[in-house]
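Chain naming here is simple, since letters A, B, ... match the order of the sequence lines and numbering starts at 1 in each. Reckoned from all heavy atoms, side chains included, excluding hydrogens, waters and symmetry mates.
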Amino acid sequence: MTLAQLLEGGVHDVAAAIIGWTLCVDGVGGRIVEVEAYAEDDPASHAFAGPTARNASMFGPPGHLYVYRSYGIHWCANVVCERPGRGAGVLLRALEPTHGLERMRLRRGVTDDRLLCSGPGRLTQALGLTGADDGADLFQPPFELIPPLAPAVVERTVRLGISRAVDQPWRYLEAGSSWPSRRRRAA
DNA sequence: CTTTCGATGATCT
DNA sequence: GATCATCGAAAGG
């Protein structure tokens, strides 16, 4: 099954399967190690109340980006999933930096590589993604998606930073990754 | 180490 | 007017 076919499927299947893929923009990026799924009937999703000017690209074709402004300051990027009209997406929350490290350090203004892509706002800044990329097709340059050498081992937790549907385990991470947006807290 | 809080503006009620 | 799929600095232990 190709990635394009996969992206037409359910957003939770996509979230699990996209872990381990490498996303690059103009040769800069890394391995996807953390995402969150936002489904059509999900109270925490921007698409929950139906199409608006902001979330229009979530209802567009899968494999495109939905980029929105967060807290008036940051950009956050989703991979649109399911068929056009469905309104589902996978929020990119963390990458393991692998390509163009120096470029990312400059954009982020940090020297600690753990702070390059470990968070949805950090990730977009490191890759240079902004509202101008809303609706962009990930299967066209400057974007590049590279499959993992072997399927990633994926684990789930509750999503972060939301106030609705807080108990749903719809945050997907590569097990054992040392690049998540937040470290596991002590039990 | 952990918790709190300000920034900053679009979006929606 | 309130909320917000965040981040980083500051304050507290």
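- The aromatic rings of A:W170 and A:H12 sit tilted relative to each other, their planes meeting at an angle between 30° and 60°.
- The distance from atom CZ of A:F48 to atom C1' of C:dT3 is 16 Å, rounded to the nearest whole Å.
- Rounded to an integer number of Å, the gap from CD of A:E40 to P of C:dA5 is 18 Å.
- The CD atom of A:Q168 sits 16 Å away from the P atom of C:dA5 (whole-angstrom rounding).
- Closest to the side chain of A:S70, out of C:dT6, C:dA5, B:dC12, is C:dT6.
- Comparing C:dA5, C:dC4, C:dC7 against the side chain of A:S163 picks out C:dC4 as the nearest.
- Between the CZ atom of A:R182 and the P atom of B:dT2 there is a distance of 13 Å, rounded to whole Å.
- OP1 or OP2 of C:dA5 sits under 4.0 Å from a side-chain N or O of A:H46.
- By the 5.5 Å and 30° criteria, A:Y38 is stacked with the base of C:dA5.
- Neither OP1 nor OP2 of C:dT3 sits under 4.0 Å from any side-chain N or O of A:R164.
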- Kindly determine whether A:R159 and A:D42 satisfy salt bridge (Lys or Arg N to Asp or Glu O under 4.0 Å), including the steps that lead there. CA-CA 12 Å; A:R159 296 175 292 183; A:D42 174 359; 2.5 Å; yes

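- In the set B:dC12, C:dA5, C:dC7, B:dC12 carries the atom at the smallest distance from any side-chain atom of A:T52.
- Remark on DNA chain C: of its neighbouring residues A:L115 and A:G161, the 5'-side contact belongs to A:G161, judged by nearest-heavy-atom nucleotide.
- Here CG of A:D13 is found 9.0 Å from CE of A:M1. Values are rounded to the nearest 0.5 Å.
- As judged by a 4.0 angstrom heavy-atom cut-off over every strand, A:R93 is placed among residues touching the sugar-phosphate backbone only.
- Distance, A:Y66 OH to C:dA5 P: 9 Å, rounded to whole Å.
- Here the straight-line distance linking atom OG of A:S70 with atom CH2 of A:W75 works out to 10.5 Å at 0.5 Å rounding.
- Checking C:dA5, C:dC7, C:dG8 against every side-chain atom of A:R108, the shortest atom distance belongs to C:dG8.
- In this structure, A:L92 is a member of the same hydrophobic cluster as A:V28, with clusters built from ILVMFWY side-chain heavy atoms closer than 4.5 Å.
- Contact annotation for A:R54: backbone-only contact, meaning every heavy-atom pair under 4.0 Å involves sugar-phosphate atoms and none involves a base.
- Put simply, NE2 on A:H74 is 4 Å from C1' on C:dC7, counting in whole angstrom units.
- At whole-Å resolution of the value, OH in A:Y68 and C1' in C:dT6 are 8 Å apart.
- In this structure, the CG atom of A:D112 is 12 Å from the P atom of C:dA9, given to the nearest Å.
- Across all strands shown, the partner of B:dT4 is C:dA9, judged by Watson-Crick or G-U wobble contacts whose two distances both fall under 3.5 Å.
- Nucleic acid contact class of A:I73 (heavy atoms, under 4.0 Å, all strands): base.
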